[in-house]
A.B. asks: 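One structure follows; several queries about it will come next.
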Amino acid sequence: MAKRAESVALRTDFSLLIGGSLEASDRHLDVINPALGEIFARCPAATRDHLDRAVKAARAAFPAWRDKSFAERAALIKKMSQRLREKQNELAELLTREQGKPLAQSVAEIDRGAAQSDGMVGIEIPVETLVDDKERHIELRYRPLGVVGIITPWNAPMSLALGPLVSALYTGNTVVLKPSPYTPLTTLKFAELLNEVFPAGVVNVLAGGDDLGAWITEHAGIDKISFTGSVATGKKVLASAAATLKRVTLELGGNDPAIVMDDVDPKAIAKKIFFASFVNSGQVCMAIKRIYAHEKIYDALCDALVAEARKAKVGDGLDPATDLGPIQNKMQYDKVVSIIEDTKKRGARFLTGGDVPNGPGYFLPPMLVTDIDEGSRLVQEEQFGPIVPILKFSNLDDALRRANDTRYGLSGSVWTGDVKRGAEIAAKLEVGTAWVNQHRATSAFVPFGGAKESGLGRQYSALGLKSYMEPEVVSIAK
Ligand code: NAD
């Protein structure tokens, strides 16, 4: 991969946002462009003092923000979405440089995040009347919690910040937001837009390492944590939040199965299944991570998926011809490479890929694997990279048992010509979302979250919004 000349100058035009002021720090993070494998930017990293001041600012801003109406808060959030769209191209280019995904997908991430934000602020959280009889009137009200700490991962920094951010703000909370140390830059530039739109202290944005995440979860001035990341860190977050009994939403990893029935046309669905498996080079929590295909269509589906893999161009996300960018960071790259090596050692067959290219950049081609032992790491773990096993079944009950035989439960899909049967099968998947003839379709109006170890609580929809609020019963004797 040729190096890009413009990557040489180190970008340093980034600040933390605390109480309406853009601030520097004497600590910093170096940020690597994964397509080049080299540092291209440096940003400030927050200290404990920055966090204390951000929490203080968020607490100070809370009463006035809480007392605004939903409509007033919605109007500012819509202004934020508008500013995001205006800055979309500039932000998308930065997102591709730090995250690696193709530029068109960075644009789509921001555009979709803005659209989902607008969608969420159309949802009403009315006061609910539970009883209204001769003796009593009892109603259920929802009030904001206070300060929400939002911690995000590196695979989709903007969309995974926007969901919790808008949920928290719309419901009347103030925020301290921390992006991943691997991808802090787009979020910090977004902070400058947030600072134009919202009153000082309503949103505070701090970049920092994993230690900053831990400080946020234990901070007594924070009332709720919305965490998106790995299962292992999610468990630490929950344990840490217990000390102050913070409310917690956890959006964690997945090992999503797709069950492909014998009545499909493999060629007609291969493109969709390939995209749902390999988009963002497989670094998507709800990507298809295991394909269970009926023996009748197994060979034809393998052929059709191989044809899709051969068409996919791997490269720098800034090249408009690129379909699949690099793995986002060296830690994840090494993890995927070790899964590839384990898969080879166990004698599985690679229909595509198998060789690990030399750098620079953390590139891996799309790999489709068959004849693999169900107990292997590739089937059991969340690979979070461009390597997907295709497993054969002859009996639906057996396919469902294998699909559900995992500690994960984020989402899954069923592919069939009979949608009624598809819905029945989907309902037997032990997941937060089960799709039929589609995968990865989400919306502001539909709750999303994980079953089992894939998470706790739901994001989006009225259900998700209410998790940023405290239910309060008001009971009146007549
Ligand atoms: P990670 O758990 O390593 O890190 C996520 C965030 O947590 C980062 O900001 C990190 O700095 C912070 N952090 C690290 N240690 C912490 C601690 N002890 N306390 C508090 N915060 C801490 O996850 P990652 O590698 O950045 O992201 C990939 C994972 O995220 C995958 O498992 C993926 O499936 C999952 N994910 C889930 C969803 C979802 O909606 N369910 C969406 C995207 C990604």
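Indexing begins at 1, ligand by ligand and atom by atom, following the structure's order.
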A.B. asks: Heavy-atom contacts with L160 under 4.0 Å: which atoms of ligand 1 show up? List them by number with element.
C.D. replies: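 Under 4.0 Å from L160, ligand 1 has these atoms: 42 (C), 43 (C).
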A.B. asks: Please report the interatomic distance OG1(T171) to CD(E470), rounded to the nearest 0.5 Å.
C.D. replies: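 If I round to the nearest 0.5 Å, the distance is 12.0 Å.
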A.B. asks: Which residue in the set E453, E430, E381, E382 passes salt bridge (Lys or Arg N to Asp or Glu O under 4.0 Å) when paired with R407?
C.D. replies: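 By the salt bridge (Lys or Arg N to Asp or Glu O under 4.0 Å) criterion, R407 pairs with just one of E453, E430, E381, E382: E453.
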A.B. asks: Which residue from P184, P157, A214 reaches closest to atom 19 (N) of ligand 1 through any of its heavy atoms?
C.D. replies: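 Minimum heavy-atom distance to atom 19 (N) of ligand 1 goes to A214.
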A.B. asks: Measure from atom 35 (C) of ligand 1 to every heavy atom in C285, P153, G229 and give the option owning the shortest one.
C.D. replies: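 Among C285, P153, G229, the closest heavy atom to atom 35 (C) of ligand 1 comes from G229.
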A.B. asks: May I ask you to check whether H219 and D52 show a side-chain donor-acceptor distance below 3.5 Å?
C.D. replies: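 Yes, because at least one side-chain N or O of H219 sits under 3.5 Å from a partner of the opposite role on D52.
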A.B. asks: Would K87 and F190 satisfy side-chain contact (heavy atoms from CB on, under 4.5 Å), going step by step from the backbone distance to the final call?
C.D. replies: CA-CA 9 Å; K87 287 270 184 185; F190 175 41; over 6 Å; no
A.B. asks: Donor-acceptor pairs under 3.5 angstrom involving side-chain atoms of residues 454-464: please list them, not counting sequence neighbours.
C.D. replies:
unit_1 : atom_1 : unit_2 : atom_2 : d
S454   : OG     : G253   : O      : 2.6
S454   : OG     : G409   : N      : 2.8
S454   : OG     : L410   : N      : 3.1
R458   : NH1    : G450   : O      : 3.2
Q459   : OE1    : Y468   : OH     : 2.5
Y460   : OH     : Q116   : OE1    : 3.3
S461   : OG     : L463   : N      : 3.2

A.B. asks: Among all the protein's non-hydrogen atoms, which is closest to atom 37 (C) of ligand 1, and how far away is it?
C.D. replies: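 Ranked first by proximity to atom 37 (C) of ligand 1 is L252 O, 3.1 Å.
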A.B. asks: As a test of the contact definition, would atom 4 (O) of ligand 1 count as having a protein heavy-atom neighbour under 4.0 Å?
C.D. replies: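 No, there is none.
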A.B. asks: At a non-hydrogen distance cut-off of under 4.0 Å, which region of F227 contacts ligand 1 (side chain, backbone, both, or neither)?
C.D. replies: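 Answer for F227: side chain.
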A.B. asks: With a cutoff of 4.0 Å, is P181 in contact with ligand 1, counting heavy atoms of the residue only?
C.D. replies: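 Contact check P181 vs ligand 1: positive.
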A.B. asks: Where on M286 is there a heavy atom closer than 4.0 Å to ligand 1, on the side chain, on the backbone, on both, or on neither?
C.D. replies: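 No part of M286 is near ligand 1 at this cut-off.
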A.B. asks: Cut-off 3.5 Å, side chains only: do R377 and S338 have a donor facing an acceptor?
C.D. replies: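 S338 and R377 do have a side-chain donor-acceptor pair below 3.5 Å.
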A.B. asks: For ligand 1, note which part of I151 has a heavy atom under 4.0 Å away: side chain, backbone, both or neither.
C.D. replies: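 Near ligand 1, I151 shows its side chain, while the N, CA, C and O stay back.
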A.B. asks: So which atom in S117 and which in S81 form the shortest heavy-atom distance, rounded to 0.1 Å?
C.D. replies: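 For S117 and S81, the tightest heavy-atom pair comes out as CB-OG, 3.7 Å.
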A.B. asks: My understanding is that we take every heavy atom of each candidate and find the minimum distance to atom 44 (C) of ligand 1. Doing that for V237, I150, N155, which one comes out nearest?
C.D. replies: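 It is N155 that holds the nearest heavy atom.
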A.B. asks: Picking from Y142, Y170, W65, what satisfies ring-ring contact (aromatic ring centres under 6.0 Å, His included) with F70?
C.D. replies: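 Going through Y142, Y170, W65 one by one, the ring-ring contact (aromatic ring centres under 6.0 Å, His included) with F70 is satisfied by Y170 alone.
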A.B. asks: Look only at interatomic distance and state if T228 has a nitrogen or oxygen under 3.5 Å from any nitrogen or oxygen of ligand 1.
C.D. replies: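 By distance alone, the answer is no.
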A.B. asks: Evaluate E382 for polar contact with ligand 1, using N/O atom pairs at a separation under 3.5 Å.
C.D. replies: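 Indeed, backbone or side chain, E382 has an N or O that close.
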A.B. asks: Could you list which atoms of ligand 1 come closer than 4.0 Å to a heavy atom of K178?
C.D. replies: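 Answer for ligand 1: 9 (O), 10 (C), 11 (O).
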A.B. asks: Write down the atom of D405, the atom of Q380, and the distance for their closest heavy-atom approach.
C.D. replies: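 The answer is O-OE1, 4.4 Å.
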A.B. asks: Less than 3.5 Å between some nitrogen or oxygen of T217 and one of ligand 1, yes or no?
C.D. replies: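 Looking only at distances, the answer is no, because the N/O contact criterion of under 3.5 Å is not met.
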A.B. asks: For S454, is at least one N or O under 3.5 Å away from an N or O on ligand 1?
C.D. replies: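 For ligand 1, there is no N or O atom that lies under 3.5 Å from one belonging to S454.
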